[in-house]
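Keep in mind that the numbers below use all heavy atoms, side chains included, and drop hydrogens, waters and symmetry copies. Lettering follows sequence order; numbering is per chain, from 1.
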Amino acid sequence: MPIFALVDCNNFYASCEKLFDPRLAGVPVVVLSNNDGCVVARSAEVKALGIPMGVPWFRIREQARRHGIVAFSSNYALYADMSNRVVEVLAQFSPDIEVYSIDESFLDVSGFEGTGLAEYGRQIRERVQRWLGLTVCVGIAPTKTLAKLANHCAKKNLAGAAGVCDFTIMPPADLDALLTRIDVGEVWGVGRKLTPRLQAMGIGTVRDLRDADAETLRSRFSVVLERTLRELRGTSCLALEEVVPDKQQIICSRSFGERVHDLEALQEAVASYLSRAAEKLRQQGSLAGALTVYIRTSPFNPSEPRYQKAVTVPLPEATADSRLLARWGRRILKQIYRPGFAYQKAGVMLSDIRPRLRNQLSLFSSSRATRANGRLMQALDQINARWGRGTLRLAAEGLDKEWQMKRGHLSPGYTTEWAGLPTVKAR
DNA sequence: CTATAACTCTCAA
DNA sequence: CTAACGTTGAGAGTTATAG
């Protein structure tokens, strides 16, 4: 029988930004999505102000100014670096770890019951706090779904959790009472659409869901929800996934900093995104058999003429060559582009992905040429790994990239750039 | 008609 | 000055299509 601990960093992106600037202690901090579009992370002070997750930045800008909120553009290099450090610490507590997202990991802690799992959870919390200055909460339970829920309780300080909540030793009556106080929408897998549908059936709390009729839910909804139900009842249906499988599709898309009108700028963007996507593809040692390119105008502004189009082409031969993919991308974009629109976003998707080894060659392919191209891409990747992404790139990507996303509030690369090292000023 | 492909919907962080 | 609203990936279910 597994026992899962879900360890989740509090306000992760905002906490990372605060970490390197002591003046931000007690200051409300938000982190913005790409293009400085929406609020994607809020410090405790911001949550206390009632600012909702996901709100467009421009809509709260005035309010933010009044409250002295400090905003940061998202700095994924920083967050990924801190995330790796957290995982290193967590790995000391269990050999079985699933890195579920940038700020969450599941640990299998069965076998560590000795001093009590809650105590173990407190040690985890303590060590991450001491070594990295980041606060985590720990939820412990016999299934992943319940561990998620226990983590929620730890965060909200329900049942006197204080950062750690262990369902495995909770008396059933206490657990029932607790689950009665939590909205069904908090359950992992119950989202925006499912919540109101369940509520309409009289299922408003986690306890209602747990005690609902499995057969009815199966027929009215899906096997996914039935699985959730079993997990809530304590039967583990979701295993710890320690090895990350290869991606089946690789997407790269961005909103532009300013609207883009002309084809050539779009071509640069598509070539750039394809370079990035192909790099990811090569990293996992795969080839793509199909390529999608799409462009669209803003879906939000009702006064702008709308247009969106996506086209997928199967490639005659699967490839991971940036130049070949860029050439195909160019052809597709030329085909879907319509002049006279204010484009807001473009994107590419690589699909029909397969391992590079034992790839089926086409009748007319030259394996010698393929190998040479492979070596070229390898050299390109090595140079960019050594000297930084974008050191060597396709001419088609353009030089000025005036379509690039906005990042007006970027913090220094505290842990990733020499120039970003915090300095102490003499006084 | 069946098997599969293609597309849509939902969810998550 | 004004207008301005993220990205990536998976899986299930549904619909379209080919043979």
Side-chain angles (χ1 to χ4, degrees), chain A residues 6-14 30-42 52-62 64 71 73-76 79-80 83 98-106 144-145 148 151-152 184-198 218-228 237-238 241 244-259 273 276-277 280-281 284 289-290 292 294 296-304 310-314 342 344-353 405-408:
Chain A
L6 176 63
V7 185
D8 189 321
C9 299
N10 295 8
N11 319 325
F12 183 56
Y13 297 171
V30 295
V31 176
L32 306 177
S33 65
N34 276 346
N35 218 23
D36 294 344
C38 298
V39 171
V40 293
R42 303 160 297 161
M53 181 70 162
V55 67
W57 173 231
F58 72 87
R59 248 193 238 154
I60 60 155
R61 206 162 197 170
E62 184 48 32
S73 304
S74 37
N75 184 348
Y76 285 100
Y79 314 145
S83 174
E98 171 185 342
V99 181
Y100 174 68
S101 77
I102 194 161
D103 75 331
E104 281 177 65
S105 292
F106 287 102
K144 282 180 160 184
T145 304
K148 275 275 207 184
N151 189 281
H152 170 80
V184 71
E186 297 295 337
V187 174
W188 194 28
V190 177
R192 199 168 44 96
K193 297 281 184 182
L194 243 44
T195 303
R197 286 177 65 195
L198 287 166
R218 172 70 184 89
S219 60
R220 299 266 283 270
F221 298 92
S222 68
V223 293
V224 183
L225 194 63
E226 191 189 7
R227 198 156 56 208
T228 299
C237 307
L238 302 168
E241 288 168 25
V244 278
D246 285 348
K247 303 268 179 275
Q248 303 170 31
Q249 52 178 35
I250 292 172
I251 295 173
C252 185
S253 70
R254 293 272 176 291
S255 299
F256 303 128
E258 313 281 347
R259 296 282 187 270
Y273 302 163
R276 181 73 190 107
K280 291 190 208 170
L281 185 66
Q284 66 170 39
T292 306
Y294 78 89
R296 68 155 206 222
T297 56
S298 170
F300 298 107
N301 187 343
S303 63
E304 285 180 50
V311 163
T312 304
V313 297
Q344 181 252 354
K345 183 175 183 174
V348 303
M349 177 169 80
L350 304 178
S351 51
D352 189 11
I353 287 174
M405 67 180 184
K406 283 185 216 153
R407 291 180 94 182

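When side chains are defined from C-beta on, A:Q249 does not count as touching A:T292, because their heavy atoms never get closer than 4.5 Å. Side-chain atoms of A:W57 and A:V30, non-hydrogen and from C-beta on, do get closer than 4.5 Å to each other.
Contacts of A:S298 classified as side chain to side chain contact (heavy atoms under 4.5 Å, CB included), with partners at least two apart in sequence or in another chain: A:R259, A:F300, A:N301, A:E304, A:Q344. Here A:S253 pairs with A:I251, A:Y294, A:K345 under the side chain to side chain contact (heavy atoms under 4.5 Å, CB included) rule; sequence neighbours left out.
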As a quick check of understanding, evaluate side-chain contact (heavy atoms from CB on, under 4.5 Å) for A:R197 and A:F221, giving each step before the final call. CA-CA 10 Å; A:R197 286 177 65 195; A:F221 298 92; 3.4 Å; yes
What's the verdict on side-chain contact (heavy atoms from CB on, under 4.5 Å) for A:I353 and A:I250, showing C-alpha distance, side-chain angles and the deciding distance? CA-CA 9 Å; A:I353 287 174; A:I250 292 172; 3.9 Å; yes
Given A:D8 and A:E104, is the side-chain contact (heavy atoms from CB on, under 4.5 Å) satisfied, shown in steps? CA-CA 4 Å; A:D8 189 321; A:E104 281 177 65; 3.1 Å; yes
May I have the step-by-step check of side-chain contact (heavy atoms from CB on, under 4.5 Å) for A:K280 and A:K247, ending in yes or no? CA-CA 9 Å; A:K280 291 190 208 170; A:K247 303 268 179 275; over 6 Å; no
Counting primed atoms, P, OP1 and OP2 as sugar-phosphate and everything else as base, the B/S/- map of nucleotides 1-9 of chain C against protein heavy atoms under 4.0 Å is ---BBSSSS
Protein proximity profile, nucleotides 14-19 of chain C - base contact B, sugar-phosphate-only contact S, no contact -, cut-off 4.0 Å on heavy atoms: ------
Quick one, give me the B/S/- string for nucleotides 5-13 of chain B, reading 5' to 3', where B means a protein heavy atom under 4.0 Å from the base and S means that only happens at the primed atoms, P, OP1 or OP2. -----SSSS
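With hydrogens and angles disregarded, a donor-acceptor distance shorter than 3.5 Å links the side chain of A:N151 to the backbone of A:L6. Looking at A:S74, its side chain does come within 3.5 Å of a backbone N or O of A:L32 through a donor-acceptor pair. Looking only at distances, no side-chain donor or acceptor of A:T145 sits under 3.5 Å from a matching main-chain atom of A:T228.
Secondary-structure stems of DNA chain C, taken as three or more successive Watson-Crick or G-U wobble pairs (i with j, i+1 with j-1) under a 3.5 Å distance threshold, comprise B:1-13 with C:7-19.
Between A:S83 and A:F12, the shortest heavy-atom contact is N-CZ, 3.8 Å. Residues A:A41 and A:A14 approach most closely at CB-N, 4.0 Å, considering heavy atoms.
Rounding to whole angstrom units, CG of residue A:L238 and P of C:dA10 are separated by 16 Å. Atoms CD (A:E241) and C1' (C:dA10) sit 11 Å apart, rounded to a whole Å.
Here, C:dG6 and B:dC11 have their C1' atoms 16 Å apart, quoted to the whole Å. B:dA12 and C:dC5 have their P atoms separated by 25 Å, with the value rounded to a whole Å.
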